[in-house]
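Residue numbers start from 1 in every chain, and the chains themselves are labelled A, B, ... in the order their sequence lines are given, proteins ahead of strands.
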There are 2 protein chains.
Amino acid sequence: MGHPAVAVTVDLVVLTVREDALCVLLVRRGVEPHRGREALPGGFLRPDEDLAAAAARELAEETGLTVGHLEQLASYGAPDRDPRQRVVTVAHLALVPDQPLPTAGTDAADARWVPVADACGLAFDHDRVLADGVERARAKLEYTALATAFCPPAFTVAQLRRVYEVVWGRALDPRNFHRKVTGTPGLLEPTGETTTRDGGRPAQLFRRGPADTLHPPFLRTDA
Amino acid sequence: MGHPAVAVTVDLVVLTVREDALCVLLVRRGVEPHRGREALPGGFLRPDEDLAAAAARELAEETGLTVGHLEQLASYGAPDRDPRQRVVTVAHLALVPDQPLPTAGTDAADARWVPVADACGLAFDHDRVLADGVERARAKLEYTALATAFCPPAFTVAQLRRVYEVVWGRALDPRNFHRKVTGTPGLLEPTGETTTRDGGRPAQLFRRGPADTLHPPFLRTDA
DNA sequence: CCAAAAGTGTTGATGATACACCCATGT
DNA sequence: ACATGGGTGTATCATCAACACTTTTGG
């Protein structure tokens, strides 16, 4: 075709909720450019794979994590974003439950969770990519069932509420929240189990239901 | 680097509202592959330009239209989407006011407006790209001031309502709609002018205000 | 005067917030 | 018994759909 060759990469904004903070998975770069700085995990697109497949492969290779949700975020292609050659990256957003990082058998040896508030000065244009990913996650909690992607397979209403509180950075009324989520058809399915608690009434356990969009939405007033 | 070269293109979903239909700009392909079939306008990314700049350039070259709004839509990179070589396309969504297609001085000689309901059997994976663009436009009307991008610089409340009705495919109550849009701060600014009408009370003319998000949103109930 | 389209008032339904209250468990 | 957190009832308030009604023009 005679058109300028471009390298295409897939980068990942992997978010989780742990210890009352929204955290992102970062890796420390071992090669130039930006050697030694932290960056979003990612890698080159292979000849025979789709964009979504590449994102899923990178996520498995670099983290070994169980994935709650994976979607395309946006593409970034400023001419000077990589000093070596022209690189266009297709960023993806992954939401995962809180889980320890497997340290063996993956490239995740030097990966770590960082609260998004502390993640800045990243390599390339990753500050921007991260900001876009966080904003996407915040917005999508309003009108989709995505918050369940941050939760383990079985979870309580209170756990789900903490997800909202941490991602949005504001407190929610536990009573009203309970009514809202249990009153939204298809959002939650009771497992019949309850938690064993340390000093309180046991909570019902739920798994996520078939609903993916929320009608009516949860509006974070103002913001 | 030694990584497989990929060609990157920028494709455009250009939408407008005309004659009570949501229409998309299509061009007939003059070269293989898919010669003779209709496709979304687009072209290759140049070495020195950003993705957004490439989209704006293509739009100007191929249409010469005044642009109401331009944003990135999504990227598509199935390995077999182009039989010649590996091509990843970054699709963009453009919303423009209804205006005649300039036929001179552009590549738009064979471009035409097609109602989205009639646009199928497009080249490559453009059916999919178009569907994603239309869905994005429909969703964004709910919570942004984007509908004004379909309108000329000065417009009436009724014109704006037609935009919503055509894009969503359902009738809205003129009285309630009027109250909603005039009651949303920053959405509309009165010009002081009125229309000269053919058999009815003249309508106030507005231009779009500084607001870009709508609080509270216009929900299309059910859908 | 009549038709047509702009714009306003009012009402009842629906959903959100705030908060009092009860329930079930561990210590 | 009591502390702790799960879960429910209810009043108050905002928002919305529906529709009757008034206003301003052209014929």
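Considering only residues two or more places apart in sequence or on other chains, V13(B) meets the side-chain contact (heavy atoms from CB on, under 4.5 Å) condition with L15(B), V24(B), L40(B), L73(B), L93(B), V129(B), L130(B).
Annotation: proximity of residues 171-187 of chain A to DNA chain C (heavy atom, distance under 4.0 Å) is found for D173(A), R175(A), N176(A), R179(A), K180(A), numbered in ascending order. In the region residues 201-211 of chain A, proximity to DNA chain C at under 4.0 angstrom, judged on heavy atoms, holds for R201(A), P202(A).
Taking a cutoff of 4.0 Å between a charged side-chain nitrogen and a carboxylate oxygen, R128(B) and D132(B) qualify as a salt bridge.
Between F218(B) and W168(B), some side-chain heavy-atom pair lies under the 4.5 Å cut-off. A heavy-atom distance below 4.5 Å is not found between the side chains of T16(A) and L95(A).
Taking the ring centroids of F177(A) and Y164(A), they lie under the 6.0 Å cut-off.
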* Would you please test R161(B) and K180(B) for side chain to side chain contact (heavy atoms under 4.5 Å, CB included) and show each step? => CA-CA 11 Å; R161(B) 178 167 47 83; K180(B) 243 189 221 174; over 6 Å; no
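At a cut-off of 3.5 Å, with distance as the only test, a side-chain donor of S75(B) or S75(A) sits close to an acceptor on the other residue.
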